[in-house]
Number of protein chains: 2
Amino acid sequence: MSSAVKTLHLLSFFSATTPEIGLSALCRLAKRDKATTHRHLQALEEAGFVEQNPLTRQYRLGPALLQLAQTREQTVPRKESAIPVLKDLAEKTGETTHASVLSGTTVFALASYESAQHSTRVVIDLDKFPLHATASGLSILAFGPGDLFEIAANNLETFTSHTVNSKASLEEAVQSVRDTGFGRTIQSFEDEVSSLAAPVFDETGNLAGAVSVACVATRFSPELERKCQEHLITASRDLTRGWGGAVPDPIEAIWAATLNNSKALDSTS
Amino acid sequence: MSSAVKTLHLLSFFSATTPEIGLSALCRLAKRDKATTHRHLQALEEAGFVEQNPLTRQYRLGPALLQLAQTREQTVPRKESAIPVLKDLAEKTGETTHASVLSGTTVFALASYESAQHSTRVVIDLDKFPLHATASGLSILAFGPGDLFEIAANNLETFTSHTVNSKASLEEAVQSVRDTGFGRTIQSFEDEVSSLAAPVFDETGNLAGAVSVACVATRFSPELERKCQEHLITASRDLTRGWGGAVPDPIEAIWAATLNNSKALDSTS
DNA sequence: AACCAATGGTTCAAATAATGAACCGATCAA
DNA sequence: TTGATCGGTTCATTATTTGAACCATTGGTT
C-alpha cells in the first residue's frame with residue numbers, strides 16, 4: 001500500500017459524528033504510529049485537506065475539499081441529476097431512497113432523499129457501503145466487475161443476526177440478485193431496515209452504481225415490494241440516462257420476468 | 001516534499017475548464033515522470049479521489065470528494081454562512097463578491113456571488129489565489145501569519161502590466177493594506193478587474209480569510225470605492241461573527257480612520 | 001501496408017523518503 | 001510531586017519511491 005493511500009485513508013475517519021480528531025485518537029483509529037500519522041496529517045494540511053482547529057489543536061477536514069468537490073460536481077454532475085430521480089422515487093414509494101456509485105472497489109453514497117409520507121423513516125448515513133450487507137452492494141456485486149466478489153467475501157462484517165456470514169450464502173444472495181434483477185436485504189445491515197435496489201449503468205453499458213429504497217422493516221409487505229420494484233426500474237432507467245447510458249437489454253428482460261412472476265403470485269393469493 | 005503532497009498536488013490540475021486529463025498531459029502539467037504520475041494516480045483512484053473515464057481513459061476527479069466535502073460542510077459550515085453575506089454585499093455594491101479562507105499557506109476560494117445589477121460583471125474562477133496579485137491575498141499578507149510574505153515574495157508571477165513584480169513593491173502594497181485596513185488591487189490579476197478586500201477573522205482572533213469585491217475596472221470610481229469599503233466592513237464583521245469570532249479592535253480603528261479620511265477627501269473635492 | 005508519433009502502462013536497479021521506538025515539553029488531575 | 005495524558009520531534013534502520021528505458025496499442029500519414 002502506497003504511503004499516499006495510507007495518508008488519504010486518514011480522511012475516512014472524519015464524519016459528521018466525529019468531525020474533529022486529535023493526533024493520538026487518530027493514531028488509535030488508524031492503528032498507526034504517532035510520528036507517521038503526524039507526518040501524514042502535515043501532508044494533508046499542506047494540501048488543504050485537513051486543518052487544525054486553532055483552539056483545540058484537533059484536526060478536521062479542510063477547505064480544499066470544497067473546491068475539488070465543486071469541480072467534480074460541475075464536471076460529472078451525477079449527484080445533481082440523481083436528486084430529482086431520488087425524490088420522485090421517494091414520493092412514489094413513501095420510503096427513503098438513495099443512490100450510490102462504484103469507484104474502483106468501493107461503493108460511495110451519492111445522495112439520499114427521505115420521503116415525508118411517514119413519520120418513521122430510514123435516515124441514511126452517507127458513508128461507505130458494505131458490499132455484502134446492503135441491497136445496493138448486492139446489486140453491484142451481481143452486475144459489477146467480477147473481482148469484487150472476492151473482496152466482499154473476504155470482508156463479511158456482521159451487522160445484525162440477518163447479515164450473511166459465509167461465502168456460500170453470499171454467493172447465493174448474489175445469484176438471487178442476478179435472477180431477479182433486484183438487490184434485496186431484509187434487516188441485514190440494520191435491524192429495522194429492509195431494502196431493495198437496482199443496478200445503474202454508465203455510458204459504456206457497465207455498471208456505474210445502484211439506486212435503492214430503504215424501507216422501515218415493519219412496513220415491508222409484498223405489496224410494497226412490488227411497488228418498489230416497479231419504481232426502481234424507472235429510477236434506474238432515469239439515472240442511467242442521466243449518466244449518459246442505457247440499461248442493457250438483458251437486465252430489462254430479467255426485470256420484466258420478475259415483475260411478471262410477482263404479478264402471478266399476487267393473483268393466485 | 002512528501003510523496004503524499006506530490007500525489008495530492010495532481011488534483012489541483014483539474015478544474016471546471018480542464019475536467020479530464022490524460023496521463024501524458026498530466027505529466028507535462030505536473031512536470032513529473034510518467035511512471036511516478038501513473039502510480040500517484042493509481043493511489044488517488046484507490047482512494048476514490050480520481051476515476052478514469054472508461055471511454056477515453058482520461059482521469060477526472062472522483063466521488064470520494066463529494067462525501068468528504070459534505071462532511072466538511074456539515075462540520076465547519078463556513079461556506080453556508082458566507083453565502084448570504086456575499087449576496088448582501090453584492091447587492092449593495094452592484095459588483096461581484098467573494099470570500100476566501102487561508103489554510104496553511106494557501107488561500108482557498110470559498111464562494112462567490114455575482115450581482116445581477118450590471119450586465120458586465122466579474123466572473124470569478126474558484127481556483128487558488130495568488131497572494132501578491134489579488135486584493136484578498138494582500139489583505140491576508142497584511143494581517144495573516146508573517147511567514148506568508150516570504151512565500152509570496154518568492155512567487156511573484158506576473159499576470160498583467162500592473163502586477164507587482166518586486167519584493168519592494170509588494171512590501172509597499174502590504175504596508176498600504178496595514179495602513180488602510182483594505183486590500184486593493186487595480187488591474188493586477190486581470191486587466192479588466194479592480195478589487196477591494198477586507199480581512200476576516202476566526203474564533204481565536206487570528207486571520208481566517210478575506211472577503212472582497214471585484215469591480216469591472218471601468219466602473220471603479222472613488223464613490224464606488226467608498227461604498228465598497230463601507231459594506232466590506234459590515235461583511236467582514238458578519239463573516240467573522242459567523243465563524244465564531246470578532247473583528248479585533250485595532251482593525252476596527254484602522255477602518256474608522258480610513259473612512260474618515262475618504263470622507264474628508266470627498267468633502268474637499 | 002508500412003511508418004510514425006502519440007497514447008497508457010510496466011520494469012528494475014539505484015536513490016530517496018518513510019518509518020517507529022524513544023524522547024521532549026506542555027498540560028491537567030490527583 | 002507525581003503520573004498520565006496530550007501534540008510534536010529525532011535519527012538510525014528500512015522499505016518505498018523513483019525514472020530511464022521499455023512494451024503494447026491506437027490513430028493518423030505517406
Side-chain angles (χ1 to χ4, degrees), chain A residues 1-14 18-62 75-76 103-105 145 147 202-204 206, chain B residues 1-14 18-62 75-76 103-105 145 147 202-204 206:
Chain A
M1 193 192 243
S2 76
S3 95
V5 171
K6 281 184 265 182
T7 301
L8 291 174
H9 184 61
L10 291 179
L11 295 174
S12 66
F13 295 105
F14 295 90
T18 319
E20 297 202 344
I21 310 178
L23 174 60
S24 299
L26 194 51
C27 290
R28 284 191 292 271
L29 286 169
K31 290 170 184 142
R32 268 209 290 283
D33 183 83
K34 193 161 55 164
T36 303
T37 306
H38 183 243
R39 257 176 287 107
H40 286 173
L41 282 169
Q42 285 193 317
L44 289 171
E45 187 165 28
E46 190 176 335
F49 280 62
V50 301
E51 64 183 10
Q52 247 181 319
N53 182 330
L55 286 178
T56 63
R57 278 186 158 186
Q58 296 207 307
Y59 294 88
R60 62 186 176 207
L61 295 176
T75 299
V76 188
S103 185
T105 57
D147 52 344
D202 68 9
E203 68 271 29
T204 64
N206 292 317
Chain B
M1 193 190 244
S2 75
S3 97
V5 171
K6 282 183 266 183
T7 302
L8 290 175
H9 185 61
L10 292 178
L11 295 174
S12 65
F13 295 104
F14 295 90
T18 320
E20 297 202 344
I21 311 179
L23 175 60
S24 300
L26 195 51
C27 290
R28 284 189 293 272
L29 287 170
K31 290 170 184 140
R32 269 209 289 286
D33 182 84
K34 193 161 53 161
T36 304
T37 305
H38 182 243
R39 257 176 288 106
H40 285 174
L41 282 169
Q42 285 193 316
L44 288 171
E45 188 166 27
E46 190 176 338
F49 281 62
V50 302
E51 63 183 11
Q52 244 181 322
N53 182 330
L55 285 177
T56 63
R57 279 186 158 189
Q58 295 206 309
Y59 293 88
R60 63 183 176 208
L61 295 177
T75 300
V76 190
S103 185
T105 57
D147 52 344
D202 67 9
E203 68 271 27
T204 64
N206 292 316

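Because only heavy atoms are used, hydrogens play no part in the values below, and waters and symmetry mates are left out as well, while side chains stay in.
Counting to the nearest Å, the C1' atom of dA15(C) and the CG atom of Asp33(B) are 14 Å from each other. To the nearest angstrom, P of dT26(D) lies 17 Å from CG of Leu23(B). To the nearest angstrom, P of dA17(C) lies 13 Å from CZ of Arg32(B). For the pair Asn53(B) CG and dG8(C) P, the computed distance is 12 Å after rounding to whole Å. Taking atom CG of residue Leu26(A) and atom C1' of nucleotide dG8(D), one finds them 14 Å apart after rounding to whole Å. Rounded to whole Å, the distance from CD on Glu20(A) to P on dG7(D) is 12 Å. Rounding to whole angstrom units, CG of residue Leu44(B) and C1' of dT17(D) are separated by 15 Å. Rounding to whole angstrom units, CD of residue Glu46(A) and P of dA17(C) are separated by 14 Å.
Residue-level contact check: Arg39(A) touches the bases, meaning some heavy atom is under 4.0 Å from a base atom.
Residue Ala35(B) has its side chain nearest to dA20(D) when only dA20(D), dT9(D), dT19(C) are considered.
Side-chain atoms of Lys34(B) and base atoms of dG8(C) include a donor and an acceptor less than 3.5 Å apart.
Residues His40(A) and Ser3(A) come closest through the heavy atom pair NE2-O, 4.3 Å.
Using a distance-only test at 3.5 Å, with no hydrogens or angles considered, a donor-acceptor pair links the side chain of Arg32(A) to the main chain of Lys6(A). Proximity of a side-chain donor or acceptor of Thr37(B) to a complementary backbone N or O of Asp33(B) within less than 3.5 Å is detected. Panel note: side chain Glu45(A), backbone Val50(A); no donor-acceptor pair is recorded below 3.5 Å.
An OP1 or OP2 oxygen of dG7(D) is reached within less than 4.0 angstrom by a side-chain nitrogen or oxygen of Ser24(A). In terms of phosphate contacts, His38(A) brings a side-chain nitrogen or oxygen within less than 4.0 Å of OP1 or OP2 of dT9(D). The phosphate of dA18(C) (OP1 or OP2) has no side-chain N or O of Thr36(A) nearer than 4.0 angstrom. The phosphate of dG8(D) (OP1 or OP2) has a side-chain N or O of Gln52(A) nearer than 4.0 angstrom. Taking side-chain N and O atoms only, His40(B) has no distance below 4.0 Å to OP1 or OP2 of dT17(D).
Each of Tyr59(A) and Ser3(A) has a nearest nucleotide on DNA chain D; the 5'-most of these lies closest to Tyr59(A). If Arg28(B) and Gln42(B) are placed on DNA chain C by their nearest nucleotide, the residue sitting closer to the 5' end is Arg28(B).
Ile21(B) pairs in a side chain to side chain contact (heavy atoms under 4.5 Å, CB included) with only one of the listed residues (Leu29(B), Leu41(B), Leu10(B)), which is Leu29(B).
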